[in-house]
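First the proteins, then the strands, lettered A, B, ... as listed; each starts at 1.
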2 protein chains.
Amino acid sequence: MARTIGSDGEKTLAAIREQALALIARRGYEAMSMRALAAAVGVQAAALYRYFPTKEDLLYSLMDEHMTALLASWTMSCPANGDAHDTLAAFVRHHVAFHVGRRHSTHVSNMELRALSPERLTAILKLRAAYEKDLRRILREGADAGLFAIDDAAFTAMAIIQMITGVIVWFRPDERLTVADIAETYVAMTLRLAGALPRGVFRVPSIAALRTA
Amino acid sequence: MARTIGSDGEKTLAAIREQALALIARRGYEAMSMRALAAAVGVQAAALYRYFPTKEDLLYSLMDEHMTALLASWTMSCPANGDAHDTLAAFVRHHVAFHVGRRHSTHVSNMELRALSPERLTAILKLRAAYEKDLRRILREGADAGLFAIDDAAFTAMAIIQMITGVIVWFRPDERLTVADIAETYVAMTLRLAGALPRGVFRVPSIAALRTA
DNA sequence: GAAAGAATTGAACGTTTGTTTTATTGTGAA
DNA sequence: TTCACAATAAAACAAACGTTCAATTCTTTC
């Protein structure tokens, strides 16, 4: 046999990406064989090489798409005007929603960096750095405006990123607990962590309020 | 050749564990071949099988030791008397110090769970659950005593664990910035996150300030 | 100094790996 | 209908994989 009925390059490509994300997220990049991936797609291993020259090219493509989409999505939903308080809340909401919605590619992009060649690792880390830099900017602006009580924006940014990315480890949305619910709790914890004064919808039991209670 | 001069079972075992942790932490369990491990130890691959029947037995042994040591170490340093405020601070201090001191085994135990068989995975997760349960207990007791402002102890515990374990991703101790410095900053952030009433100074110190202190 | 056992080597086993090559078939445009 | 091309199958490759086994040497004990 050769070309199969109904075969379509675009559909196969999309299927490869989707199944690769699922397999790598579940078992890891090294543990996923090209034959196993092909079987999941419903194709022979050799067919994969029409779409990706090597296994590592596939991995890099998945990561690059994830990071590029993350940056683009955040750029789109980042509030143009609004103080650091609002912007930080928006950052957390977007981060949580994006990562929960892309659990597989998040796992891949976070856990399989060591499988990349040095040059490609650098490229991915560059994208990640741009994302984290934006969070640091928000924290610094908020601190300068007296909205946050932080001294080291880089340290705080690392702590926040680690905390909110952790959502994918335990949370699975169902009919009782939505992504939005979880995101708001993360927003509250983040604002607390940043030493933000309670305000508006982000009413968190503040230190001052608790003291007079 | 056969037995080499000065060969010692205990030393070889320790070397295998140490090198395996380093290799798995750096490249991943699947990416570490038994031959590469043997080369790092300075021995032939077959010699490894005197100490571990299979590659997965080795992995499980490393993880089990890590989790057991974590629980034992925390049990030892957990303050017997003291309120939830002190206990939470002690928990964070211990967690940060332990994980920074055992960066490799932390990486292995956190990232390679998927390589374990279901039974062994369950065993490791049981140990982890016991550890996290203790943190939830601290948070709940603190909330009941009015020391913390927390709605969901489980949720908060996950957030805290994720945040403070993240220390191993970026922090490397040097002569200017010690583990203790970093730990205190994490303590301050954790207490804030838990909505703890200020007692003493919990303003997050800057890294620059810590350096010159 | 000889016997017993601990520690390791070197070679080999069968499998699986990522990848390549060649041939073959379905598909869309002329 | 034909023809170029896109899409895949089937088979094969060398290399690397985890693991086993027999042989060999060091170490300890008596």
Side-chain angles (χ1 to χ4, degrees), chain A residues 1-24 26-63 108 112 114-120, chain B residues 1-24 26-63 108 112 114-117 120:
Chain A
M1 278 202 291
R3 179 167 188 171
T4 55
I5 51 177
S7 62
D8 179 348
E10 284 196 27
K11 286 184 181 176
T12 303
L13 175 59
I16 292 173
R17 301 184 73 92
E18 181 186 339
Q19 296 299 324
L21 284 175
L23 284 173
I24 297 174
R26 181 150 47 242
R27 306 289 177 199
Y29 169 74
E30 301 282 354
M32 178 197 73
S33 75
M34 296 298 269
R35 284 173 180 82
L37 172 57
V41 175
V43 100
Q44 291 298 313
L48 303 175
Y49 289 84
R50 238 195 100 74
Y51 302 91
F52 300 97
T54 69
K55 189 184 179 187
E56 198 211 315
D57 280 294
L58 166 58
L59 176 65
Y60 176 73
S61 173
L62 297 175
M63 288 185 171
V108 173
E112 304 295 348
R114 58 195 174 191
L116 291 177
S117 68
E119 308 82 42
R120 285 176 163 167
Chain B
M1 278 202 292
R3 178 165 189 173
T4 54
I5 51 176
S7 61
D8 179 348
E10 285 196 26
K11 285 185 182 176
T12 303
L13 176 59
I16 291 172
R17 301 183 74 92
E18 180 186 339
Q19 296 299 324
L21 284 175
L23 284 173
I24 298 174
R26 181 153 46 241
R27 306 288 177 199
Y29 169 74
E30 301 282 353
M32 177 196 73
S33 74
M34 295 299 266
R35 285 173 178 83
L37 171 58
V41 175
V43 101
Q44 291 297 315
L48 303 175
Y49 289 83
R50 235 192 103 74
Y51 302 90
F52 299 97
T54 69
K55 189 184 178 186
E56 198 211 316
D57 281 295
L58 167 57
L59 176 64
Y60 175 73
S61 173
L62 297 174
M63 289 184 171
V108 172
E112 304 295 347
R114 60 193 174 192
L116 292 177
S117 68
R120 286 176 162 167

- Message: Taking side-chain contact (heavy atoms from CB on, under 4.5 Å) as the definition, give me every residue that meets it alongside A/Glu18, ordered by chain and number, with sequence neighbours left out.
- Response: none
- Query: Expressed in angstrom and rounded to an integer, what is the separation of B/Glu10 atom CD from D/dT27 atom C1'?
  - Reply: 15 Å
- Give the rounded distance in Å between these two atoms: NZ of B/Lys11 and C1' of C/dA6. 15 Å
In a table with atom names and distances, give each donor-acceptor pair under 3.5 Å that connects a side chain of residues 34-50 of chain B to protein atoms at least two apart or in another chain.
none

- Query: In whole angstrom, what separates A/Gln44's CD from C/dT24's P?
  - Reply: 17 Å
N/O donor to acceptor pairs below 3.5 angstrom from side-chain atoms of residues 53-63 of chain B, sequence neighbours left out:
{"residue": "B/Thr54", "atom": "OG1", "partner": "B/Glu56", "partner atom": "N", "Å": "3.4"}
{"residue": "B/Thr54", "atom": "OG1", "partner": "B/Asp57", "partner atom": "N", "Å": "3.1"}
{"residue": "B/Thr54", "atom": "OG1", "partner": "B/Asp57", "partner atom": "OD2", "Å": "2.6"}
{"residue": "B/Lys55", "atom": "NZ", "partner": "B/Tyr29", "partner atom": "O", "Å": "3.0"}
{"residue": "B/Lys55", "atom": "NZ", "partner": "B/Met32", "partner atom": "O", "Å": "2.7"}
{"residue": "B/Glu56", "atom": "OE2", "partner": "B/Ser117", "partner atom": "N", "Å": "3.1"}
{"residue": "B/Glu56", "atom": "OE2", "partner": "B/Arg120", "partner atom": "NH1", "Å": "3.4"}
{"residue": "B/Asp57", "atom": "OD1", "partner": "B/Arg120", "partner atom": "NH1", "Å": "3.3"}
{"residue": "B/Asp57", "atom": "OD1", "partner": "B/Arg120", "partner atom": "NH2", "Å": "2.4"}
{"residue": "B/Asp57", "atom": "OD2", "partner": "B/Thr54", "partner atom": "N", "Å": "3.4"}
{"residue": "B/Ser61", "atom": "OG", "partner": "B/Arg17", "partner atom": "NH1", "Å": "2.8"}
{"residue": "B/Ser61", "atom": "OG", "partner": "B/Arg17", "partner atom": "NH2", "Å": "3.2"}

- Can you check the A/Leu13 CG to D/dT8 C1' distance for me, whole Å? 15 Å
- Please state how far atom CG in A/Leu59 lies from atom P in C/dG18, giving the value in whole angstrom units. 12 Å
- Can you name the residues that form a side-chain contact (heavy atoms from CB on, under 4.5 Å) with B/Ala14, not counting sequence neighbours? none
- Item | D/dT8 OP1/OP2 closer than 4.0 Å to side-chain N/O of A/Thr12 | yes
- Query: How many Å lie between CG on B/Leu23 and P on D/dG18, as a whole number?
  - Reply: 12 Å
- Task: Would you mind checking if B/Arg114 and A/Glu112 are paired as a salt bridge, meaning a charged N to carboxylate O distance below 4.0 Å?
- Result: yes
- Query: B/Leu58 CG to D/dG18 C1': how many Å, rounded?
  - Reply: 13 Å
- Item | Members of residues 46-55 of chain B that approach DNA chain D, where some heavy atom sits under 4.0 Å away | B/Ala46, B/Tyr49, B/Thr54, B/Lys55
- Task: Return no unless some side-chain N or O of B/Ser33 is found under 4.0 Å from OP1 or OP2 of D/dC17.
- Result: yes
- Query: Tell me: CE of A/Met34 to P of C/dT15, nearest whole Å?
  - Reply: 23 Å
- Which residues pass the side chain to side chain donor-acceptor pair (under 3.5 Å) test with B/Ser33, sequence neighbours left out? none
